[in-house]
2 protein chains.
Amino acid sequence: MPKGRKRQNRKRIGRWTAQRLAVLDEFLQGGEHLSARDVYQRLREKEINLGIATVYRSLDFLIEIGLLRQYDFGSGEAKYELNDDEADQHHHMVCRVCGKVINYSKFVKRGLSLVKDIKMELEKNYGFKINSHQFEFRGVCGVCGD
Amino acid sequence: MPKGRKRQNRKRIGRWTAQRLAVLDEFLQGGEHLSARDVYQRLREKEINLGIATVYRSLDFLIEIGLLRQYDFGSGEAKYELNDDEADQHHHMVCRVCGKVINYSKFVKRGLSLVKDIKMELEKNYGFKINSHQFEFRGVCGVCGD
DNA sequence: AAGCTAATGAGAAAGATTATCATTAGCAAT
DNA sequence: ATTGCTAATGATAATCTTTCTCATTAGCTT
């Protein structure tokens with residue numbers, strides 16, 4: 001669970017700086033469910049030294065323009081991933097012992113009609129406008145299980 | 001702190017203290033998605049003064065014996081709820097503006113066969129043993145929306 | 001080239017959660 | 001009841017992630 005304070009509201013428009021590009025690039029390079037510290041350390045290894053606050057701000061920026069998405073898998077820090085189209089969105093499977101997360105995309109298509117009906121129901125009966133959904137499974141992975 | 005392996009008898013379960021009962025009671029009284037601080041303050045209003053650390057420890061205890069469940073809806077603090085049976089488990093709808101959470105249980109039955117198939121697939125192909133799942137929807141509620 | 005302003009960096013601060021440790025209290029055997 | 005063991009508690013310090021502050025830098029626009 002991420003400690004610390006709730007994210008504050010920020011301005012909408014932003015500039016494409018070298019720092020923001022560098023952060024995005026870590027995800028385009030194939031990084032899956034990276035934390036802010038993961039990104040910070042990976043960049044540092046490449047001698048691209050951003051302040052950790054800038055990493056957080058860049059992640060927020062990339063979320064705001066729709067390129068990234070934030071998740072919490074109970075590890076104590078937020079994780080970030082490239083934002084899939086809804087139709088391609090993957091599920092997550094989290095090992096509650098070692099914290100390993102697996103991206104899993106089978107049955108997504110089958111779930112779509114269910115998701116669609118739930119969204120319609122929520123909008124009609126509760127006045128909610130739904131933007132995204134997430135399925136998460138928890139258990140014990142093969143390594144941690146006996 | 002490592003959880004010491006104890007000699008096998010009933011002592012493993014833990015003691016049922018007044019503090020733990022008081023914490024559980026807040027949820028039995030109808031408290032939905034309460035944070036540790038919520039519980040702490042509600043008890044304090046009733047002049048039941050536990051230390052905040054004890055509240056956290058009691059919540060952990062109640063999770064361990066299966067009575068509570070922990071969630072994170074992105075507010076910056078963990079939320080806790082009574083742990084439903086899987087067949088009755090509800091979904092969550094989170095407003096990303098005000099943070100309001102709605103418990104929602106329609107379509108659960110229809111989702112069960114999908115969940116069952118996903119669980120089988122994950123166990124067969126990834127060696128995971130699944131214990132629980134969660135569906136979460138995010139959007140903007142009627143009050144915060146235009 | 002100048003001017004405006006968003007973005008950055010470094011460090012301090014905030015806030016949730018956990019660890020420490022002396023003390024208390026639940027439970028079992030006497 | 002009394003004793004003894006040990007888990008649980010309370011108070012508070014420590015930890016850790018995330019955000020804020022503010023002086024400085026750099027990206028645009030004109």
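All chains are named by letter (A, B, ...) in the order of the sequence lines, taking the proteins before the strands, and each is independently numbered beginning at 1.
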Measure from NZ on B/Lys79 to P on C/dA16 and round the result to the nearest Å. 11 Å

Determine whether a donor-acceptor pair (N or O, by modelled atom type, separation under 3.5 Å) exists between the side chain of B/Glu26 and the backbone of B/Arg42. no

Please verify the inter-ring angle class for A/His91 with A/Phe135; under 30° counts as parallel, over 60° as perpendicular, anything in between as tilted. parallel

Rounded to the nearest angstrom, tell me the gap between atom CD in A/Gln70 and atom C1' in D/dT19. 13 Å

Salt bridge (Lys or Arg N to Asp or Glu O under 4.0 Å) between B/Asp38 and B/Lys79, intermediate numbers included: CA-CA 9 Å; B/Asp38 290 336; B/Lys79 301 292 181 82; 5.1 Å; no

Between D/dT19 (P) and A/Arg37 (CZ): distance, integer Å: 13 Å

Test B/Thr17 against B/Arg20 for side chain to side chain contact (heavy atoms under 4.5 Å, CB included), laying out the working first. CA-CA 5 Å; B/Thr17 64; B/Arg20 288 170 173 181; 3.5 Å; yes

Atom CG of B/Leu59 and atom C1' of C/dT17 are separated, to the nearest Å, by 12 Å

Strictly below 4.0 Å, heavy-atom distances to any atom of DNA chain D: list the hits from residues 39-51 of chain B, or just say none. B/Asn49, B/Leu50, B/Gly51

Check this one for me: any side-chain N or O of B/Arg20 less than 4.0 Å away from OP1 or OP2 of D/dA8? yes

How close or far is atom C1' of C/dT17 from atom CG of B/Leu34, stated in whole angstroms? 17 Å

Take atom CD of A/Glu77 and atom P of D/dT15, then tell me their distance rounded to the nearest Å. 18 Å

Could you state the OH-P distance from B/Tyr80 to C/dA16, rounded to the nearest angstrom? 12 Å

Please report the distance, rounded to the nearest Å, between CG in B/Leu62 and C1' in D/dA8. 13 Å

So do the side chains of A/Glu81 and A/His90 get within less than 4.5 Å of each other, counting heavy atoms only? yes

Phosphate contact (D/dT18 OP1 or OP2) by A/Tyr56 side-chain N/O below 4.0 Å: yes

So if I take every side-chain heavy atom of A/Asp60 and compare against D/dT18, C/dT17, D/dT19, which nucleotide ends up nearest? D/dT19

Taking atom types as they are modelled, would you say the side chain of B/Arg57 forms a donor-acceptor pair with the base of D/dG10 within the 3.5 Å cutoff? yes

Would you confirm whether B/Asn83, through its side chain, and B/Gly66, through its main-chain N or O, come within 3.5 Å as a donor-acceptor pair? yes

Show, in sequence, the C-alpha distance, side-chain angles and deciding distance for A/Phe73 and A/His92, and conclude whether the ring-ring contact (aromatic ring centres under 6.0 Å, His included) test is met. CA-CA 9 Å; A/Phe73 301 124; A/His92 290 113; 4.7 Å; yes

Tell me if the aromatic rings of B/Phe137 and A/Phe128 count as close, with their centers under 6.0 Å from one another. no

Taking the minimum atom-to-atom distance to the side chain of B/Thr54, which one of C/dT17, C/dG11, D/dG10 wins? D/dG10

Could I get the full list of side-chain hydrogen bond (donor to acceptor under 3.5 Å, both in side chains) partners for B/Glu121, not counting sequence neighbours? A/Lys106, B/Asn125

I'd like a list of close polar pairs between nucleotides 22-26 of chain C and the protein, N/O only, cut-off under 3.5 Å.
residue	atom	partner	partner atom	Å
C/dG26	N2	B/Arg15	NH2	3.0

